[in-house]
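Worksheet: one structure, shown below.
None of these values were measured; they are calculated from a predicted model.
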Amino acid sequence: MKTFRLFGILIAVSGLLQAAAIKNVVFILVDDLGKHDMGVEGSTFYETPRIDDLAKRGMRFNNGYSTCQVCSPSRASIQLGTTTARHGITDWIGAASGLKWSRNDKVLPPEYTHALPAGEVTIAEALKEGGYTTFYAGKWHIGGEGSHPEDHGYDINKGGFHRGSPPGGFFSPYKNPKLTDGPEGESLTLRLAQETATFIEGHKDEPFFAFLAFYAVHAPIQTTSELRAKYTEKAKSLKGGRPEFIVDRTYPVRQVQNLPVYAGMMETLDDAVGIVLDALKENGLEETTAIIFTSDNGGVSSGDAFATSCLPFRGGKGRQWEGGLRAPYYISVPGLTQPGSSSDVLANGTDFYPTILELVGLALRPKQHLDGVSLVPALKGGSLPDRALFWHYPHYGNQGGEPSSVIRSGDWKLIHYHEDGRDELYNVSTDIGEQRDVIKSKPELADKLRKELDAYLAETNARMPTPDPRYNKEVAEKKAAGYRKTAKRFGVEGY
């Protein structure tokens with residue numbers, strides 16, 4: 001018995017020593033990056049060797065999710081450790097709501113919070129209190145004047161302000177009030193990575209938290225002429241057999257990864273990630289730095305530039321299916337995560353806050369990160385207690401998404417639609433493409449999940465859409481007929 005007790009003590013001490021060895025954290029957040037946009041996730045068109053290597057260094061979460069299908073809500077959840085219904089930023093900041101929404105839809109999207117609440121403690125503020133120097137580079141889009149990164153715990157801000165897309169595009173001049181212009185034509189993506197690398201070098205002797213939030217691969221879809229030519233040539237070798245687009249309920253959705261301009265953006269993104277990884281290595285910080293890599297929502301398969309395909313997931317950014325919600329989710333912790341490992345636990349953006357605190361040895365803040373749990377047990381190869389994940393998006397997406405709320409519990413996912421109150425039920429372990437709605441054959445399960453979802457929405461005081469008194473069914477039908485006519489002309493399947 002004493003031997004077993006001593007062994008347990010040694011294991012516990014070992015775990016503490018491992019956690020204590022992590023001095024720094026680098027968080028890489030990509031905008032609109034699809035789960036399957038990397039080679040490590042199965043893409044054969046995009047070239048991402050540095051991101052693939054990062055994914056293989058640590059643990060990949062197969063069931064890693066963003067907390068929303070659009071950007072601002074997810075970004076707020078990462079900073080606060082709470083879900084969108086709880087913090088109130090339920091749509092991308094700047095989207096119309098209430099009676100300002102005038103698209104002749106059945107319901108009016110509710111009003112939503114337009115900035116991170118000043119009274120909430122962000123992950124950056126928690127780390128600052130723990131003695132960390134904090135750095136932010138890139139897209140913010142969760143608050144304007146008075147609610148920028150420097151107002152929420154970041155000592156240094158390079159490029160983060162209220163805008164969601166780069167006003168000058170992806171090449172200098174940037175027209176960004178928080179980032180000086182580089183030489184004309186300089187890549188914004190590479191510049192943000194270099195700013196992060198410079199920060200790392202300048203703070204290598206002290207604990208730091210570096211948050212690199214790329215504007216890429218969000219629209220505008222831009223690349224260099226050289227990369228466009230490279231991938232235009234590569235696209236010629238792709239085998240056919242699948243339609244380029246199909247219409248899924250509302251909008252056309254890309255089915256093939258073959259857009260050369262987007263592929264060029266992906267290569268530049270990969271090079272930029274490499275700059276940061278090289279900076280850690282060159283400054284002797286590889287063994288003391290935890291790296292997190294994720295996306296704020298799924299890839300843009302519909303709307304905007306129809307940039308990528310999220311198959312085998314259904315849909316993409318802005319939509320309630322897996323293509324809009326599931327994200328690349330990689331965590332590398334030297335001495336803790338097994339290289340090349342993966343986990344099937346359910347995880348989302350609220351979990352980063354408590355995970356980071358535990359990794360660096362700071363006390364958790366359960367009253368702050370109410371919806372997040374530390375993933376450290378999973379990072380060690382273990383499991384987590386069963387829990388459900390929730391999403392609340394009571395808005396219409398620019399990409400064809402519908403006002404909805406979602407629960408995933410175990411293998412099951414129920415989607416509740418706010419336009420007409422209907423539900424859909426999918427087993428996302430056996431039907432990853434969400435093609436077989438089994439709501440009619442599983443009434444008891446559907447009822448159980450719906451009650452759990454309703455309880456969550458009530459507990460968080462979730463804001464709900466309301467009927468739009470201006471809705472005109474005849475006008476809506478004429479609009480749909482126009483869509484069908486246009487789709488037929490361009491050979492788009494599904495209408």
Side-chain angles (χ1 to χ4, degrees), residues 19 22 24-31 33 35 54-55 58-68 71-84 86-87 89 116 120-130 132 134-142 149 152-154 160 207-214 276 289-297 325-333 336-337 343 345-380 384 387 389-391:
I22 296 303
N24 312 305
V25 178
V26 172
F27 197 115
I28 301 175
L29 177 63
V30 186
D31 197 359
L33 181 67
K35 165 76 169 175
L54 171 59
M59 177 170 285
R60 293 161 56 195
F61 284 78
N62 300 321
N63 291 304
Y65 287 91
S66 60
T67 60
C68 188
C71 59
S72 298
S74 290
R75 291 165 181 271
S77 291
I78 291 170
Q79 297 297 330
L80 300 176
T82 52
T83 55
T84 61
R86 196 180 302 279
H87 59 60
I89 302 176
L116 283 184
E120 298 288 341
V121 179
T122 66
I123 179 60
E125 290 169 320
L127 289 170
K128 270 181 66 71
E129 290 179 18
Y132 276 70
T134 55
F135 169 89
Y136 196 94
K139 175 174 173 174
W140 181 245
H141 202 192
I142 40 179
H152 290 284
Y154 290 95
F208 64 75
F209 175 53
F211 198 115
L212 171 55
F214 288 109
V276 176
T289 303
I291 306 174
I292 295 170
F293 180 95
T294 193
S295 175
D296 57 354
N297 46 249
L325 297 172
R326 211 179 294 206
Y329 200 111
Y330 313 145
I331 302 180
S332 174
V333 186
L336 185 65
T337 51
S343 174
V345 303
L346 300 185
N348 71 11
T350 66
D351 299 329
F352 293 122
Y353 194 139
T355 300
I356 291 170
L357 291 182
E358 183 167 357
L359 285 174
V360 301
L362 294 178
L364 300 189
R365 295 171 176 249
K367 292 183 179 180
Q368 174 61 47
H369 46 77
L370 284 170
D371 300 305
V373 300
S374 173
L375 299 174
V376 169
L379 294 173
K380 294 178 179 180
L384 295 174
R387 62 166 175 162
L389 298 183
F390 299 94
W391 295 265

State whether the side chain of Thr134 and the backbone N or O of Lys128 hold a donor-acceptor pair below 3.5 Å, judged by distance alone. no
When every non-hydrogen atom of Phe211 is compared with those of Tyr154, the smallest separation belongs to CD1-OH, 3.6 Å
Please test Phe135 against Leu212 for side-chain contact (heavy atoms from CB on, under 4.5 Å), starting from the C-alpha separation and ending with a verdict. CA-CA 8 Å; Phe135 169 89; Leu212 171 55; 5.8 Å; no
Looking only at non-hydrogen atoms, find the nearest pair between Tyr329 and Gly64 and report the distance. CD1-CA, 3.6 Å
Is any side-chain heavy atom of Phe352 closer than 4.5 Å to a side-chain heavy atom of Ile123? no
Determine whether a donor-acceptor pair (N or O, by modelled atom type, separation under 3.5 Å) exists between the side chain of Tyr65 and the backbone of Leu346. no
Step by step, work out the side-chain contact (heavy atoms from CB on, under 4.5 Å) result for Leu325 and Leu389. CA-CA 11 Å; Leu325 297 172; Leu389 298 183; over 6 Å; no
Test your reading of the model: is there a side-chain donor-acceptor pair from Ser77 to the backbone of Thr82, 3.5 Å cut-off? yes
Give a yes or no on whether the ring-centroid distance for Tyr136 and Phe27 is below 6.0 angstrom. no
Might you work through the side-chain contact (heavy atoms from CB on, under 4.5 Å) test for Leu359 and Leu379, ending with a clear yes or no? CA-CA 10 Å; Leu359 285 174; Leu379 294 173; 4.3 Å; yes
If you look at every heavy atom in Phe61 and Ile331, which pair is closest and at what distance? CE1-CD1, 3.9 Å
Looking only at heavy atoms, the pair that brings Ala126 and Leu362 closest together is O-CD1, 4.2 Å
Just jot down the salt bridge (charged side-chain N to carboxylate O under 4.0 Å, His left out) partners of Asp31, sequence neighbours excluded, or say none. Arg75, Lys139
Hey, does the side chain of Ser295 reach the backbone of Leu33 with a donor-acceptor pair shorter than 3.5 angstrom? yes
So, taking the atom named CD1 in Ile142 and the one named CD1 in Ile78, what distance separates them when rounded to the nearest 0.5 Å? 8.5 Å
Leu127 and Leu357: side-chain contact (heavy atoms from CB on, under 4.5 Å), yes or no, with the steps? CA-CA 8 Å; Leu127 289 170; Leu357 291 182; 4.2 Å; yes
Rounded to the nearest 0.5 Å, what's the gap from CZ on Arg326 to CG on Asn63? Could you check? 4.5 Å
Kindly compute the distance separating CD1 (Ile356) from CG (Leu364), expressed to the nearest 0.5 Å. 12.0 Å
By salt bridge (charged side-chain N to carboxylate O under 4.0 Å, His left out) - contacts of Arg86 (at least two apart): Asp371, Glu459
Taking the side chain as every heavy atom from C-beta outward, state whether Phe390 and Thr350 have any pair of such atoms under 4.5 Å apart. no
Go through the structure and list residues passing salt bridge (charged side-chain N to carboxylate O under 4.0 Å, His left out) with Glu120, not counting sequence neighbours. none
Output every pair passing ring-ring contact (aromatic ring centres under 6.0 Å, His included) with a member in residues 356-375, not counting sequence neighbours, ordered by first then second residue. Tyr353-His369
For the student: nearest non-hydrogen atoms of Met59 and Ser343, plus distance: SD-CB, 3.6 Å
Holding to side-chain contact (heavy atoms from CB on, under 4.5 Å), I want the full list of residues that pass it with Glu125, two or more places apart in sequence or in another chain. Val121, Thr122
My understanding is that only residues two or more places apart in sequence, or in another chain, count here; which of them pass side-chain contact (heavy atoms from CB on, under 4.5 Å) with Ser74? Ser66, Thr67, Cys68, Asp296
From Lys35 NZ over to Asn62 CG, what is the distance, rounded to the nearest 0.5 angstrom? 5.5 Å
Report yes if the side chains of Tyr330 and Ile291 come closer than 4.5 Å at any heavy-atom pair, otherwise no. no
Looking only at heavy atoms, which two atoms of Cys71 and His141 are closest? And how far apart? SG-ND1, 3.5 Å
